[in-house]
There are 2 protein chains.
Amino acid sequence: MSSSNGNNTNYSFLNKYSCSLEATVEVIGGKWKGVILYHLLDGKKRFNELKRLKPNITQRMLTLQLRELEADGLINRKVYREVPPKVEYSLTELGESLRPIILLMMEWATNNMEKVLENRDNDA
Amino acid sequence: MSSSNGNNTNYSFLNKYSCSLEATVEVIGGKWKGVILYHLLDGKKRFNELKRLKPNITQRMLTLQLRELEADGLINRKVYREVPPKVEYSLTELGESLRPIILLMMEWATNNMEKVLENRDNDA
DNA sequence: CTGGATCCCTAAGGATACTG
DNA sequence: CAGTATCCTTAGGGATCCAG
């Protein structure tokens, strides 16, 4: 039994989150995290590349979200010590494991978001 | 061609969101929305049932999130005019369409959240 | 039982300027 | 180029009490 070794090594994260879903939402739920991950799905990107892909995100927020994604182990940050500086972000294996979810979320919006907005308008 | 009829009826939601993913995140990204949807996956639930399933959500927040989900057309709210009051929430077809995403998010956390928390601890 | 109304507070996010 | 450092605003969320 998994609980025979004193502390339960599996699913101990449920101490922090009362439900698995909460955890995933927290990990990719930041306003820009999902989008960043999405853009990294097709390969590594430099800081300014990401900023160009999302012009309405501020440098500050981009940096913050990248740092959090890095701290969670979802992305790698590779610094090239040159002048001018060059930093490349890429998905870790853990980040890669989110691919199906990201793609499904993209697809869902494409197929259903119009309806959602119609519904909102109707009872507005 | 889809653009031949003057205004593009498809994907007009991209005026509001610069990326499909942002849209989906907004729809299920509320702190409790995903969890509520999850609990509705296996059938309709009453207000207090949901509250019992998530004791740490306040009545106010539960009400608010339910209202938003309803406004987006993801859930139905059926009021039984009796005393005491009885209200049942259930998924609409649109809400049902989120099932694969919800389940995938659950599964992802189960398989990967431990690693995420380890990563966080390590560079904390 | 299912909320609504009110008050409050923190953390998420944004604007702007500066820097190695 | 790839960030920090400040300052500021707001919306998300919580606590509590009231009500049909």
Side-chain angles (χ1 to χ4, degrees), chain A residues 16-19 21-23 25-37 39-40 44-72 75-90 120 123-124, chain B residues 16-19 21-23 25-37 39-40 44-72 75-90 120 123-124:
Chain A
K16 187 168 177 0
Y17 307 94
S18 64
C19 171
L21 206 62
E22 285 181 46
V25 168
E26 202 221 39
V27 169
I28 63 174
K31 189 172 180 182
W32 306 101
K33 287 187 186 178
V35 183
I36 293 173
L37 292 171
H39 285 301
L40 292 179
K44 61 190 178 213
K45 296 269 185 306
R46 298 182 58 172
F47 185 87
N48 266 5
E49 281 186 88
L50 291 170
K51 198 152 74 69
R52 244 172 290 127
L53 288 166
K54 293 269 102 197
N56 40 345
I57 184 175
T58 63
Q59 281 185 334
R60 172 187 141 82
M61 283 314 298
L62 182 53
T63 304
L64 278 176
Q65 304 270 297
L66 285 169
R67 290 288 178 282
E68 288 187 27
L69 290 170
E70 188 192 4
D72 285 355
I75 64 174
N76 287 313
R77 177 169 179 269
K78 178 163 187 181
V79 181
Y80 294 82
R81 281 212 137 281
E82 345 173 318
V83 179
K86 175 177 168 182
V87 180
E88 275 177 355
Y89 294 94
S90 58
R120 279 187 201 173
D123 51 34
Chain B
K16 188 166 172 10
Y17 306 94
S18 65
C19 170
L21 206 63
E22 287 181 44
V25 168
E26 201 221 40
V27 170
I28 64 175
K31 189 171 181 184
W32 307 101
K33 287 187 184 177
V35 184
I36 293 173
L37 291 171
H39 285 300
L40 291 179
K44 60 191 178 210
K45 296 268 184 305
R46 296 184 58 174
F47 186 87
N48 264 8
E49 281 187 87
L50 291 170
K51 199 152 73 72
R52 243 171 290 127
L53 287 167
K54 295 267 102 194
N56 40 345
I57 185 174
T58 63
Q59 281 183 334
R60 171 186 141 84
M61 283 315 297
L62 182 53
T63 304
L64 278 177
Q65 305 268 300
L66 285 169
R67 290 289 178 281
E68 289 187 25
L69 290 171
E70 189 192 2
D72 285 355
I75 64 174
N76 286 312
R77 178 168 180 266
K78 178 165 185 179
V79 181
Y80 294 82
R81 281 213 135 279
E82 348 174 313
V83 179
K86 174 178 170 184
V87 180
E88 275 177 356
Y89 294 93
S90 57
R120 279 187 202 173
D123 50 33

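So you know, we letter chains A, B, ... as the sequences are listed, proteins then strands, and number each from 1.
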Exercise. Which nucleotide of DNA chain D is the first, and which the last, in the 5' to 3' direction, to come under 4.0 Å of a heavy atom belonging to chain B?
Worked result: D/dG13 to D/dG20
Problem set entry | side-chain hydrogen bond (donor to acceptor under 3.5 Å, both in side chains) against A/E88, all qualifying residues, sequence neighbours excluded | A/Y80
For this session: Take nucleotides 13-20 of chain C nucleotide by nucleotide from the 5' end and write B, S or -, depending on whether a protein heavy atom sits under 4.0 Å from the base, only from the sugar-phosphate, or from neither.
Result: BBB----B
For this session: Write down the distance between NZ (B/K44) and P (C/dT2), rounded to a whole number of angstrom.
Result: 14 Å
Exercise. Please walk me through it: do B/M61 and B/K54 pass side-chain contact (heavy atoms from CB on, under 4.5 Å)?
Worked result: CA-CA 11 Å; B/M61 283 315 297; B/K54 295 267 102 194; over 6 Å; no
Problem set entry | Derivation of the side-chain contact (heavy atoms from CB on, under 4.5 Å) call for A/L37 and A/I75 | CA-CA 8 Å; A/L37 292 171; A/I75 64 174; 4.0 Å; yes
Problem set entry | All salt bridge (charged side-chain N to carboxylate O under 4.0 Å, His left out) counterparts of B/K33, not counting sequence neighbours | B/E68
Exercise. What's the verdict on side-chain contact (heavy atoms from CB on, under 4.5 Å) for B/N48 and B/K51, showing C-alpha distance, side-chain angles and the deciding distance?
Worked result: CA-CA 5 Å; B/N48 264 8; B/K51 199 152 73 72; 3.5 Å; yes
Seminar exercise, completed: Which of B/R77, B/K78, B/E49 passes side chain to side chain donor-acceptor pair (under 3.5 Å) with B/Y89? Answer is B/R77
Exercise. What does B/R81 touch in the nucleic acid at a heavy-atom separation under 4.0 angstrom: a base, only the sugar-phosphate, or nothing?
Worked result: nothing
Exercise. With a non-hydrogen cut-off below 4.0 angstrom, is B/Y89 in contact with a base, only sugar-phosphate, or nothing?
Worked result: sugar-phosphate
Could you list the protein-to-nucleotides 9-11 of chain C atom pairs, N/O on both sides, closer than 3.5 Å?
none

Exercise. Given atom CZ of B/R67 and atom C1' of C/dT2, what is their separation to the nearest angstrom?
Worked result: 9 Å
Problem set entry | A/W32 side chain near A/N56 side chain, heavy-atom distance below 4.5 Å | yes
Exercise. How would you list, by chain and number, every residue that makes a side-chain hydrogen bond (donor to acceptor under 3.5 Å, both in side chains) with A/R60, sequence neighbours excluded?
Worked result: none
Problem set entry | Stepwise side-chain contact (heavy atoms from CB on, under 4.5 Å) test for A/L50 and A/L66 | CA-CA 10 Å; A/L50 291 170; A/L66 285 169; 4.1 Å; yes
Problem set entry | Donor-acceptor under 3.5 Å (A/K45 side chain, A/H39 main chain) | yes
